[in-house]
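Structure first, commentary second.
The sequence lines fix the lettering, A, B, ..., with proteins before strands; numbering per chain opens at 1.
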Protein chains: 2
Amino acid sequence: MRRMPALTQEQRRAETRRRLLDAARVVVADRGLAGASVDAVAEAAERTSGALYDHFGGKSGLVIALLDEWKDATARAIQADLAEAVDGRARLESMWRNFAEPPSEEAADWTLLEHELWLHACRQPEVTPLAAQRYAGIRRRLADAVSAGVFGPSDGIDDAEVVATLLIGLMVGLEMQRRLDPDAVSDALAVAGLEALTGP
Amino acid sequence: MRRMPALTQEQRRAETRRRLLDAARVVVADRGLAGASVDAVAEAAERTSGALYDHFGGKSGLVIALLDEWKDATARAIQADLAEAVDGRARLESMWRNFAEPPSEEAADWTLLEHELWLHACRQPEVTPLAAQRYAGIRRRLADAVSAGVFGPSDGIDDAEVVATLLIGLMVGLEMQRRLDPDAVSDALAVAGLEALTGP
DNA sequence: GTCTATAGATTGATAGAC
DNA sequence: GTCTATCAATCTATAGAC
């Protein structure tokens, strides 16, 4: 009689937090960071602005929480990609496909958020480290994979971290071009480019 | 006595337009597109919002003019890069350097604007073609250069347009990482990556 | 913990003087 | 062609009821 309500309270709180973050992701991806008002996010979460202020202290707190989520979501996505395929080329293909044609709507949102949050991090020195950490984490994971030879033996550029940096860079830059003009960046083109960076 | 004032009027108008566009570039790069209020842009141009409405009809008109400028500025920059150096590797180096460490403050603004305007173009279907045209133009210019062999003979990936797409993608993606963490992306790393894409 | 109500500032845009 | 004055809408954030 005493433990149930306490647990339920906690669950409700967690649920509200989750709803607010999900709503923030969708609304920010749709209207941009500056265009996503506190009220709009709260309404999309079927809560009120009061709840948002209680959980995150304000808009900037929400953005920081969003940056954290962004970091984790990417790490999980990379992990999943690398486990999926069998040989080097297939791994590059699946990695690119998941990046450029995300399977879920949630993943599609993250692609636009990528640039939205990157811009925010470039302008706000206090959150720059958070975003930098995210990229560093992705690079490290990918570098480990390169070292382990999952993309095939790397005889060309031999530092794994360098290859990882290049792979990420190319995928991001190609995806930007594809968003505006899907025909300009075929899957074959992207995979050929990624292959050129991984080895001879 | 009759032609002087007519010419001066026209010059004054052109000058105001120029000031407004320059101010828009700086303010938008600084605060973002949504954060750049009409008043702030006008004030930075040492004019008033009335002048801005007369020239561009409103904020969206200003953004479209900015998109046009963006297109032209990039075309000029690429042109200048390719004329500058003598051999293939040096051309890649100078192209990357001008992209990642812009010599002028104006050029530095464009790098942040790149993502700001790209996001805007992704969200506003009516301006998507403008941004797509810009990337297509850059690709074409660069592809011509690749065909002409300015980066050395291309034995690897043989379609020039493909190579151009990859080069642009890699530069954009590397520059993003460098903004957050300059140490993570050295010039040598970038040039090595670009070289891997241009040839064998 | 979530709500309503509201304060206080800022926004895009327009009308009319000069 | 550029200005001032102003409107209605929207924003972040807070206070206090429940």
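Remark: C1' of dC3(C) and NE2 of His55(A) are 13 Å apart, rounded to the nearest angstrom. Atom P of nucleotide dG1(C) and atom OH of Tyr53(A) are separated by 19 Å, given to the nearest angstrom. Atom-to-atom, CG of Asp54(A) to P of dA15(D) comes out at 14 Å; the value is rounded to the nearest Å. Atom P of nucleotide dT4(D) and atom CG of Leu52(B) are separated by 15 Å, given to the nearest angstrom. In this structure, Arg13(B) atom CZ and dC3(D) atom P are separated by 13 Å, rounded to whole Å. Rounded to an integer number of Å, the gap from Leu20(B) CG to dC3(D) C1' is 14 Å. Between the CD atom of Gln11(A) and the P atom of dG1(C) there is a distance of 14 Å, given to the nearest Å.
When Leu21(A), Val26(A), Leu62(A) are each tested for a side-chain contact (heavy atoms from CB on, under 4.5 Å) with Val41(A), only one passes: Leu62(A). Residue Thr16(B) is tested with Arg47(B), Gln11(B), Glu46(B) for a side-chain hydrogen bond (donor to acceptor under 3.5 Å, both in side chains); the sole match is Arg47(B).
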Step-by-step salt bridge (charged side-chain N to carboxylate O under 4.0 Å, His left out) determination, Arg19(A) to Asp22(A)
CA-CA 5 Å; Arg19(A) 292 182 76 99; Asp22(A) 283 342; over 6 Å; no

One pair to check against salt bridge (charged side-chain N to carboxylate O under 4.0 Å, His left out): Asp81(A) and Arg141(A). What are the steps and the verdict?
CA-CA 11 Å; Asp81(A) 284 349; Arg141(A) 270 167 206 271; over 6 Å; no

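Against DNA chain D, the stretch residues 117-124 of chain A makes no heavy-atom approach under 4.0 Å. Scanning residues 56-67 of chain B for heavy-atom distances under 4.0 Å to DNA chain C yields Gly58(B), Lys59(B). Heavy-atom distances under 4.0 Å link DNA chain D to Ala36(A), Ser37(A), Val38(A), Asp39(A) of residues 27-50 of chain A, given in residue order.
The pair Glu69(A)-Arg134(A) fails the salt-bridge criterion, with no side-chain N (NZ, NE, NH1 or NH2) lying under 4.0 Å from an Asp/Glu carboxylate O. For the pair Arg97(A) and Asp187(A), the salt-bridge criterion is met [side-chain N within less than 4.0 Å of a carboxylate O]. A salt bridge links Glu116(A) to Arg123(B): one of the charged nitrogens lies within less than 4.0 Å of a carboxylate oxygen.
Although no hydrogens or angles enter the test, the distance criterion places no donor-acceptor pair under 3.5 Å between the side chain of Arg139(A) and the main chain of Glu161(A). Side-chain atoms of Arg178(B) come within 3.5 Å of backbone atoms of Val185(B) as a donor-acceptor pair (strictly under, hydrogens ignored).
Interatomic distance, Thr74(B) OG1 to Ile138(B) CD1, rounded to the nearest 0.5 Å: 4.5 Å.
The aromatic rings of His115(B) and Trp118(A) sit tilted, their planes meeting at an angle between 30° and 60°.
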